[in-house]
Amino acid sequence: MNHQYRLNSVFPACIFVAVILLSFCSCSDEPADYRTAIPRHATSLVRVDNTEALASLLSLPEPVVRLLVSSQSGLDVGRPFYLFTDDDGTFGFCAAVADGEKLTQHLDTFIRLHLVSKPVVHQGCTFVTISKKWTMAYSAHALLLLGPVAPGESEPYYRRMSRLLSAEKEESILKAPLFLQLESLTDKMALVTRVETLPTPLQRHALKGVPPQTVPSAVCVAARLSLSHGILQIDATPFSFSRTLNEAIGQHLQKLQPDTLTLLFQKDEELPVLSRLAGVSYRLRTEPVKIYQKETENQ
């Protein structure tokens, strides 16, 4: 079955905000693992292991895209890129830094092209702004972008990002169930998200895969992502970190047939990041998800 809708809003901006790769700043704190900069309470996580796929999501000038997905940018393109949504709705991007000096050198180029603002130093970190709504910073290990930032609200983001860039493993996302589930997936592009983070049409479609009367806040989605002819393909299965509910979901899925929902994006000058994507195709898979070992029981 295939359904088509037209969507005028951004599907999990955590995917398309990859435009933040323009970020170039510096911070003196050096966490041991770049992934510790991802907010601990993120509600949606995307891992992209393929620079080609990441480049396809960027709506930047081609020379900039080629630079930022290559080792010449100073990023460690051999390690995964992460896109995320925090529990307060903030969208972000995190990448490993291979050479901080290269990032600093390229910063001047982007400033001259008026693609980023002049750097601002705050609490030992240097920040820049992209498109007047994304705040970015980097350390010797990690590059981080958060947004959108409302005018006049940069100061709280400076403090917040400074803390994230200096986070220890114990206080980071590395032991969070959502992150561990994402890391258990082997796909080049993968998504794990709480179902409530999805746009309403996708929520409704995802919840077809769970028993009636299931509380949406207990449901997550694990998905393989791919790109085809400008459409982001999402092959997804609902699951729960409650073993009891996850078993019930698995039984319910066995009664269903794969079902696809297609959302076509409207052309919108306010959302230039969508310019490379025509839409999203969400396929409800019926194979049960094996949850990571740290699942919990229903109370």
Side-chain angles (χ1 to χ4, degrees), residues 1-3 5 7 9-17 38-39 41-48 53 57 80 82-87 89 91-92 173 176-227 231-263 279-292 294-296 298:
M1 183 186 303
N2 186 80
H3 311 286
Y5 292 80
L7 187 67
S9 58
V10 185
F11 163 69
C14 62
I15 295 177
F16 304 118
V17 78
I38 302 171
H41 300 294
T43 57
S44 183
L45 293 167
V46 174
R47 187 190 66 237
V48 182
L57 299 176
Y82 291 87
L83 304 164
F84 58 84
T85 305
D86 205 356
D87 58 355
F91 304 120
I173 197 171
L178 208 68
F179 182 82
L180 294 173
Q181 187 69 36
L182 177 70
E183 293 302 275
S184 73
L185 304 179
T186 59
D187 305 292
K188 290 293 185 181
M189 291 176 64
L191 162 72
V192 175
T193 180
R194 298 203 173 277
V195 74
E196 293 177 315
T197 303
L198 297 172
T200 301
L202 295 187
Q203 283 188 41
R204 289 197 297 263
H205 198 63
L207 290 172
K208 288 182 179 180
V210 304
Q213 310 307 316
T214 299
V215 179
S217 60
V219 180
C220 297
V221 167
R224 175 177 65 245
L225 306 180
S226 60
L227 287 158
I231 300 291
L232 181 66
Q233 308 283 341
I234 305 171
D235 291 313
T237 309
F239 73 97
S240 175
F241 287 112
S242 160
R243 180 181 302 178
T244 302
L245 177 55
N246 197 57
E247 290 176 353
I249 291 174
Q251 294 171 3
H252 182 75
L253 287 170
Q254 298 306 307
K255 305 172 185 176
L256 305 178
Q257 294 294 323
D259 192 11
T260 300
L261 172 72
T262 300
L263 305 177
V280 174
S281 180
Y282 185 106
R283 178 176 178 266
L284 176 63
R285 300 176 64 189
T286 58
E287 301 86 354
V289 171
K290 181 180 180 180
I291 54 177
Y292 192 78
K294 286 193 174 182
E295 68 268 11
T296 58
N298 279 330

Exercise. In Å and rounded to the nearest 0.5 Å, what is the NZ to CD distance from K290 to Q181?
Worked result: 10.5 Å
Exercise. Counting only heavy atoms not in Q257, do more than 12 sit closer than 6.0 Å to its CD atom?
Worked result: no
Exercise. Once you round to the nearest 0.5 Å, how far does CE of M189 lie from CG of L232?
Worked result: 5.5 Å
Problem set entry | Any donor-acceptor pair under 3.5 Å from N246 side chain to F241 backbone | no
For this session: Using modelled atom types only, decide if a donor and an acceptor are shared between the side chain of R47 and the backbone of D187 within a distance under 3.5 Å.
Result: yes
For this session: Determine, step by step, whether D86 and H41 satisfy the side-chain contact (heavy atoms from CB on, under 4.5 Å) criterion, reporting the C-alpha distance in whole Å, the side-chain angles of both residues, the deciding distance to 0.1 Å, and the verdict.
Result: CA-CA 6 Å; D86 205 356; H41 300 294; 4.3 Å; yes
All N/O donor-acceptor pairs, side-chain side in residues 210-227, below 3.5 Å, sequence neighbours left out:
residue, atom, partner, partner atom, Å
T214, OG1, P211, O, 2.6
R224, NH2, D235, OD2, 3.4

Exercise. Out of curiosity, T262 OG1 to Y282 OH, how far, rounded to the nearest 0.5 Å?
Worked result: 13.0 Å
Exercise. Going by the angle between their ring planes, with limits at 30° and 60°, are F179 and Y82 parallel, tilted or perpendicular?
Worked result: tilted
For this session: Name all residues meeting the salt bridge (charged side-chain N to carboxylate O under 4.0 Å, His left out) criterion together with R285; count only those two or more places apart in sequence or in a different chain, and write none if there are none.
Result: E287
Exercise. Are L253 and F239 close enough, and set up right, to give a side-chain contact (heavy atoms from CB on, under 4.5 Å), and what steps lead you there?
Worked result: CA-CA 10 Å; L253 287 170; F239 73 97; over 6 Å; no
For this session: State the CG-CG distance between L191 and L185, to the nearest 0.5 angstrom.
Result: 9.0 Å
Exercise. CG of L256 to NZ of K208: how many Å apart, nearest 0.5 Å?
Worked result: 9.5 Å
For this session: Please report the closest heavy-atom contact between Q203 and V195, naming both atoms and the distance.
Result: CG-O, 3.1 Å
Exercise. If you look at every heavy atom in A206 and L284, which pair is closest and at what distance?
Worked result: O-CD1, 4.3 Å
Exercise. Rounded to the nearest 0.5 Å, what separation is found between the CG atom of L178 and the OG1 atom of T193?
Worked result: 7.0 Å
For this session: Locate the shortest heavy-atom distance separating I173 from A42; write the atom from each residue and the value.
Result: CD1-CB, 3.9 Å
Exercise. Taking atom types as modelled, is there a side-chain donor on T43 or T197 under 3.5 Å from an acceptor on the other?
Worked result: yes
Exercise. Looking at S281 and T260, what are the two nearest heavy atoms and their distance?
Worked result: OG-CG2, 3.3 Å
